[in-house]
Amino acid sequence: MGEPTLRGRDYIETRDFSLIEIEHLLARAVELKADFHAGKLTARLPNQTIFLIFFDKSTRTRNAFEAGATQLGAHAHFLEPKSLQISHGESPKDTGIILGQMGHGIAIRHDLIPGMGNAYMREVASHAEVPVINMQCDVDHPTQTLADIMTIRERFGDDLRGRKIAVTWAYAPSYAKPLSVPQGLVTLMPRMGLDVTLAHPPGYELMPDVVDYARTAASEAGVKFEIVDSMDDAFEKADIVYPKSWGSCELMLGKRDAADDAAVARIEAECLAMNVRFTDWICDARRMKLASEDAIYMHCLPADRGAEVTDEVIDGPQSVVYQEAENRLHTAKAIMACTMRERPF
Ligand code: CP
């Protein structure tokens with residue numbers, strides 16, 4: 001069978017892609033990383049334009065897409081809704097049609113309110129005649145998890161059978177973080193052959209359809225998927241630990257119907273007050289000793305140091321967070337090059 005063509009495809013959830021298509025993207029990311037380090041030009045999208053719409057803040061994703069577009073010979077426009085007619089109520093249909101007429105790709109981050117971001121970008125995608133790429137929504141963060149599996153393979157190789165990833169909640173005081181990273185991990189990692197243990201305190205359940213999908217994916221792949229309520233249990237003999245915070249979905253759902261900014265702020269304060277009940281959910285040296293001797297520590301970043309993780313662990317020899325962050329660049333380029341591309345690899 002030949003290589004799949006992804007040209008023109010939206011990249012909204014990894015669930016939308018077959019394993020062969022995911023492997024194709026990963027192979028292109030590996031090539032693009034090697035070319036980058038060899039100083040080779042990779043201008044696969046000359047004179048193309050991608051529009052980046054950010055409803056939320058970003059360091060890694062924005063810069064992976066902006067630098068990545070430049071490295072592909074394309075140009076990225078950074079757009080914030082507050083300076084677009086979106087803030088006056090322009091519809092996703094109009095935004096999708098019009099930006100699609102003017103460029104070659106649209107990427108969107110809309111992640112903070114459950115029930116909104118994924119629906120928004122799918123609506124844009126249904127009207128845009130160019131690929132729409134999810135830079136993080138309420139359901140999935142598929143450019144992050146592609147970089148994560150690339151990083152895991154760099155350490156453990158492509159055959160991950162028998163290895164275990166612990167995806168666990170961790171305490172954070174900064175803000176109620178989206179559910180999309182843990183959800184993206186539990187949907188993708190069983191398909192890639194990893195046993196997955198998800199751990200969180202009561203009240204931090206992931207979206208039910210995501211958990212159902214993870215169970216089915218694990219069963220089809222012949223790997224394990226379990227949910228526990230103890231960080232220690234999850235860490236036990238794990239090869240990969242991925243502790244990060246997320247907000248209570250039930251509380252965050254209230255933001256969807258909040259009347260004004262003050263109501264949103266009240267819900268945010270409730271989320272943080274709930275987090276404070278679980279300050280002992282931290283990744284520290286004691287917990288790292290529960291994991292396998294050669295276990296790696298991962299985090300999508302930004303991490304709340306001293307809350308989600310100690311400095312000793314995140315700056316320690318088992319941490320791969322900077323390698324993981326760099327891989328955001330190469331996977332973003334692979335996704336743009338394969339979906340927007342005009343020149344074959
Ligand atoms: N991991 C991640 O998505 O980082 P940013 O929020 O900085 O883009």
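Every number for a ligand or one of its atoms is a count from 1 in the order of the listing. Quick note: residue numbers are just sequence positions, from 1.
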May I ask whether Met135 places a heavy atom under 4.0 Å from ligand 1?
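No heavy atom of Met135 comes that close to ligand 1.
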
Can you label the angle between the [X] ring and the [Y] ring as parallel, tilted or perpendicular, going by 30° and 60°?
{"X": "His299", "Y": "Tyr297", "result": "tilted"}
{"X": "Trp281", "Y": "Phe278", "result": "perpendicular"}
{"X": "His110", "Y": "Tyr120", "result": "tilted"}

Using a 4.0 Å cutoff against the non-hydrogen atoms of [X], which atoms of ligand 1 qualify?
{"X": "Leu301", "answer": "1 (N), 2 (C), 4 (O)"}
{"X": "Cys300", "answer": "1 (N)"}
{"X": "His141", "answer": "2 (C), 3 (O)"}
{"X": "Arg328", "answer": "1 (N), 2 (C), 3 (O)"}

If you count the non-hydrogen atoms of other residues, nucleotides and ligands that lie under 6.0 Å from [atom1] in [X], is the total more than 12?
{"X": "Glu90", "atom1": "CD", "value": "yes"}
{"X": "Glu226", "atom1": "CD", "value": "yes"}
{"X": "Asn47", "atom1": "CG", "value": "no"}

Among all the protein's non-hydrogen atoms, which is closest to [atom], and how far away is it?
{"atom": "atom 7 (O) of ligand 1", "answer": "Thr59 N, 2.6 Å"}
{"atom": "atom 4 (O) of ligand 1", "answer": "Arg60 NE, 2.9 Å"}
{"atom": "atom 6 (O) of ligand 1", "answer": "Arg109 NH1, 2.9 Å"}

So, is Thr61 polar-close to ligand 1, with some N/O to N/O distance under 3.5 Å?
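Yes, at least one N or O pair falls under 3.5 Å.
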
How does Val181 reach ligand 1, by side chain, by backbone, by both or by neither, if only non-hydrogen atoms under 4.0 Å count?
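Near ligand 1, Val181 shows nothing, with every heavy atom at 4.0 Å or more.
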
Can you see whether Phe54 has Arg62 sitting over its ring - NZ or CZ less than 6.0 Å from the centre and within 45° of the normal?
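Not flagged: Arg62 not positioned over aromatic ring of Phe54.
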
